[in-house]
Amino acid sequence: MSLTDRIAQGLASGWKVTDGATLTENQTHEADVVVVGTGAGGGTTAEILAKSGLSVILVEEGRLYYQKDFKMDELTSYANLYQEGMSRVTKDGAIAILQGRCVGGSTTVNWTSSFRTPDETLTYWSEKFGLDNLTPDAMAPWFEGREERHSMAPWQVAPNVNNDVLRQGCEKLGYKWQIIPRNVKGCWNLGYCGVGCPTNAKQGALMTTIPGALDNQARLFHGLRAERLVMNQDRIEHLQASAMNSDGVEPSGVTVTLKARHFVVAASAIGSPGLLLRSEIPDPFRRIGKRSFIHPVNATVAQMPEKVDPFYGAPQSIYSDEFNFKNGVNGPVGFKLEVPPLHPAMSSGVIPGHGRAQIDAMTGLPWTQSVLALIRDGFHPESPGGTVSIRDDGSPMLDYPVTDYLWKGLREAFYTMAEIQFAAGAKKVRLVHLDSDWYDNWADAKTAIANIAMEPHRVRLFTAHQMGGCGMGSDPENSVVNGFGEHHHVSNLSVHDASIFPTSIGANPQLSVYALAARNSSRLAHRLGR
Amino acid sequence: MIDDQANSHTDGLTNTGRRNFLKTGMAGTLFLGTVSISASLSGCATAPAGRLSAVGTRMDARYRFRFLTREDIQLFEALLPAIIGPGLPEQPLARRTAIASSIERIDSGIYNFGPANQRELRRLFDLLNFGLTRVTIARVWSSWPNVTTSEADAFLERWRTSSLGLFNNGYIALTKISNVAFYGHRDQWHLSGYPGPPQYAVEALPQFNNA
């Protein structure tokens, strides 16, 4: 391959990148800062600290995949690029968790939607969690800076039919809709964002901050699992890490010890609380792993009279916030409406069924359209979130009970999504639910939704947004870090990822993570500056 | 010891106590754990099948199974005709090939799920393979190689429509991994009318040009 790929080029130019699978003996390395995780938070942190002149080591459990590996194939991508080979679920198995596990983290596989943290959310945080420095005005320059760094702008190309159905339905019903900002540069409008961008157009961590950090002498270890932060008195002295075999599944037995002045944990809202719990980091009020949020997602699918080809074109370009904050921040739960791309493996895994019914649903894929609702959890007393804990083998697990308050919102979302699809001309609509039939008209769908069981396992639920678990706040009794991501009790530990959100965002979280990580890393660079 | 456990399960399973017993996730997990232990103590093969000869239904002797046991393979050979149904080719050789290659992809998929989820699936498969629990929990009377497609379909339908979340979860686990392994592969893309990645992109991008 010619050296037009940013990663191939960098590797050829001598970036300090080590594949854990190649290590044959235990070793120790040292830097000013060790950053655990290479996603939205870790990449941003590493680039800003490295540019400020600090020595940085980046640690990633997943492996380094880049253009040569991105062949628009679902099966290999889900197996290699996602947590637990795309099989991650909540403790009871009722909610599927889509989360990246590779260099760039979820930014390598997300669908590029780039929203600022809604003003309502920031205002709620400052009022409820004492985060006075995080007002919309104070955050605006940080959002602007990151929008520029990641080339985020409202999508200029016409939406694909899948997205346009959402627009048409909203238009007909008088619901507001808008165009989604995307983080892309020279996008080919192919539709394969979820399996690794084949053209290097997506400006996630893999194409921006990771190269930025490596160009500035940062070192990257991939295929290396952060096992345990080891304290000496009141400070973290080193990180104990395990090299993974080249298949990424089991550790090889080789250990790596990483010493630093400061440690930044950015291993995601499941990985970060997991690491802190394994490490038995001081937690006098037992807050680590609590208040975990996921934007529970339910969906409906429609058969349209015209071809949708939901596998082609920018996966997400239209959204509706009509119902997101309609009842105030903490009234009955709100939701954001978007659409998912549908490729064969994803569709056959998401649409529940077997035999004749399943192949009938699959045969209609080119005419299939889908709408999803992101439930804005965490703003109401009856939405206290889930809990991350560690299993016997030390791996993290999320327990997320769905409360009656959330079920009510999910049923409302079913109504709204089906209504929109029929308004846009759907021939028939079904819920992504074990008991759902296809409904030929809005009246039948409405009756069915009123009576369908809203229960775990029967309603198929998903999340691609994991947040919370190391929540920020001014009061150590109900938070893990302060408003700058600095741990309340350990002076050389920061958390720079979505785990610090005190509630869910109410929008796809990547820009919120980028912006907070940039803000908190700039402060950290100043603090550690020589 | 094993017999006692087995008897108490049988008793519990013949009456409504079974429902209550399985209602909570914890009880379910403990139960499945017990089955797993019982199954391995009673001699069920829990070792991955490794390489199988091409004789019989295995079409690719080069593939090495890293998770599925020989019994698991028989389980999926019985279930796939019901899960995929009319999507499978009717011509016998093509049908055997489609089933065998799907089972290989199920195996490689599960291998990537990692240890924690592999343990969960081990429990589920042991439960279905172990004669006593196959009969009592799945209500499948014959061993899997003798199960007809309509019996397999009836079993899937019972678990899909059950009021017990544990069974719904088992249904989703079995059908999801099977559907993804089948419909997700290029050999079956035509069934969903998916043309594959845009040809002009494949021709233009360096990663597809291995020359």
Side-chain angles (χ1 to χ4, degrees), chain A residues 1-2 4-5 67-75 78-80 84-89 91-94 188 190-192 198-199 247-250 311-312 343-349 351-356 358-359 362-367 391 393 395 397 434-435 455-458 460, chain B residues 25 79 82-87 105 108-121 153 156-157 160-161 163-186 188-189 191-198 201-202 204-209:
Chain A
M1 196 191 301
S2 67
T4 50
D5 173 63
Q67 189 178 12
K68 69 177 174 57
D69 307 298
F70 298 155
K71 295 185 176 176
M72 302 189 270
D73 179 63
E74 286 185 279
L75 295 181
Y78 297 159
N80 294 329
E84 303 178 34
M86 195 65 140
S87 74
R88 181 167 270 188
V89 288
K91 186 178 181 183
D92 65 359
W188 291 24
L190 292 172
Y192 292 81
T199 62
D247 61 20
V249 177
E250 299 268 11
F311 25 78
Y312 294 150
H343 291 87
M346 171 80 81
S347 314
S348 68
I351 299 172
H354 73 275
R356 169 62 70 185
Q358 191 69 1
I359 191 156
M362 290 304 294
T363 308
L365 190 61
W367 292 269
R391 301 181 179 102
D393 65 2
S395 62
M397 172 179 62
L434 276 189
D435 303 335
E455 288 169 12
H457 303 291
R458 309 204 69 69
R460 303 309 304 153
Chain B
L79 290 178
I83 294 176
I84 308 300
R105 286 193 298 275
S108 73
I110 295 174
Y111 184 74
N112 279 291
F113 288 1
N117 286 345
Q118 283 174 10
R119 272 194 298 279
E120 294 293 312
L121 287 173
D153 178 63
L156 292 166
E157 206 49 32
R160 186 179 77 83
T161 55
S163 58
L164 299 184
L166 192 65
F167 290 157
N168 302 155
N169 200 26
Y171 171 80
I172 291 292
L174 292 170
T175 54
K176 198 187 210 173
I177 50 181
S178 302
N179 283 331
V180 169
F182 183 78
Y183 291 106
H185 192 257
R186 60 168 61 240
Q188 278 83 37
W189 285 347
L191 290 173
S192 57
Y194 169 61
V202 170
L205 289 167
Q207 61 266 46
F208 293 96
N209 182 5

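By convention in this document, chain letters (A, B, ...) are assigned in the order of the sequence lines, proteins followed by strands, and residues within each chain are numbered from 1.
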Query raised in the report: In terms of heavy-atom pairs under 4.5 Å, which option from A:Ala94, A:Ser395, A:Gly248, A:Pro198 contacts chain B the most?
Result: A:Pro198

Query raised in the report: So which of B:Ile110, B:Leu174, B:Leu191 has the biggest tally of heavy-atom pairs under 4.5 Å with chain A?
Result: B:Leu191

Query - Contacting region of A:Thr363 [heavy-atom separation from chain B under 4.5 Å] - result: both

Report summary line: Per-residue tally against chain B (heavy atom, under 4.5 Å) across A:Asp73, A:Val89, A:Leu434 peaks at A:Leu434

Query raised in the report: Where on A:Leu75 is there a heavy atom nearer than 4.5 Å to chain B: the side chain, the backbone, both, or neither?
Result: side chain

Report summary line: Among B:Ser192, B:Gly165, B:Pro115, B:Gly184, the residue with the most heavy-atom pairs under 4.5 Å to chain A is B:Ser192

Requested in this report: Identify which of A:Val249, A:Asn80, A:Leu190, A:Asp247 forms the greatest number of heavy-atom pairs closer than 4.5 Å to chain B.
Outcome: A:Val249

Query raised in the report: How many angstroms lie between CD1 in B:Ile84 and NE2 in A:His354, if you round to the nearest 0.5 Å?
Result: 10.5 Å

Requested in this report: Would you mind checking which part of A:Asp92 comes under 4.5 Å of any heavy atom in chain B, side chain (CB onward), backbone (N, CA, C, O), both or neither?
Outcome: backbone

Report task. Would you give the length of the straight line joining atom CH2 of B:Trp189 to atom CG of A:Leu365, rounded to the nearest 0.5 angstrom? Result -> 12.5 Å

**Report entry** Inter-residue atom distance B:Gln118.CD - A:Glu84.CD, 0.5 Å rounding
**Finding:** 10.5 Å

Requested in this report: Please list, chain by chain and in numerical order, all residues satisfying side chain to side chain donor-acceptor pair (under 3.5 Å) with A:Thr199, sequence neighbours excluded.
Outcome: none

Query - Any donor-acceptor N/O pair, B:Asn179 side chain to A:Gly353 backbone, under 3.5 Å - result: yes

Query raised in the report: Do the ring centers of A:His457 and B:Tyr171 come within less than 6.0 Å of each other?
Result: no

Requested in this report: Just give me the residue among B:Ala181, B:Ser178, B:Ala116 that pairs up with chain A most often, heavy atom to heavy atom, under 4.5 Å.
Outcome: B:Ala116

Query raised in the report: To the nearest 0.5 Å, how far apart are CD1 in B:Ile177 and CE in A:Met86?
Result: 15.0 Å

Report task. Please work out whether the ring planes of A:Tyr312 and B:Tyr194 are parallel, tilted or perpendicular, with thresholds of 30° and 60°. Result -> tilted

Requested in this report: Please check if the side chain of B:Gln207 supplies one atom and the backbone of A:Phe70 the other of a donor-acceptor pair under 3.5 Å.
Outcome: yes

Query raised in the report: B:Arg105 versus chain A, heavy atoms under 4.5 Å apart: side chain, backbone, both or neither?
Result: side chain

Query raised in the report: So which heavy atom on B:Gly193 is nearest to which on A:Phe311, and how close?
Result: O-CZ, 4.1 Å

Report summary line: Between A:Gly355 and B:Pro86, the two heavy atoms sitting closest are C-CD, 4.1 Å

**Report entry** Region of A:Arg391 that comes under 4.5 Å of a non-hydrogen atom in chain B
**Finding:** side chain

**Report entry** Proximal component of B:Gln188, with respect to chain A [non-hydrogen, under 4.5 Å]
**Finding:** neither

Query raised in the report: Side chain, backbone, both or neither: which part of A:Arg88 has a heavy atom under 4.5 Å from chain B?
Result: backbone

Query - chain B contacts, top residue of A:Arg356, A:Glu74, A:His343 (heavy-atom pairs, under 4.5 Å) - result: A:Arg356

**Report entry** Heavy-atom pairs under 4.5 Å with chain B, option from A:Ser348, A:Gly85, A:Ala345 with the top count
**Finding:** A:Ser348

Requested in this report: Quick one: which of B:Pro198, B:Gly196, B:Gly87 has the most heavy-atom pairs under 4.5 Å with chain A, could you say?
Outcome: B:Pro198

Query raised in the report: Which heavy atom of B:Ala201 sits nearest a heavy atom of A:Met72, and at what distance?
Result: CB-CE, 4.0 Å

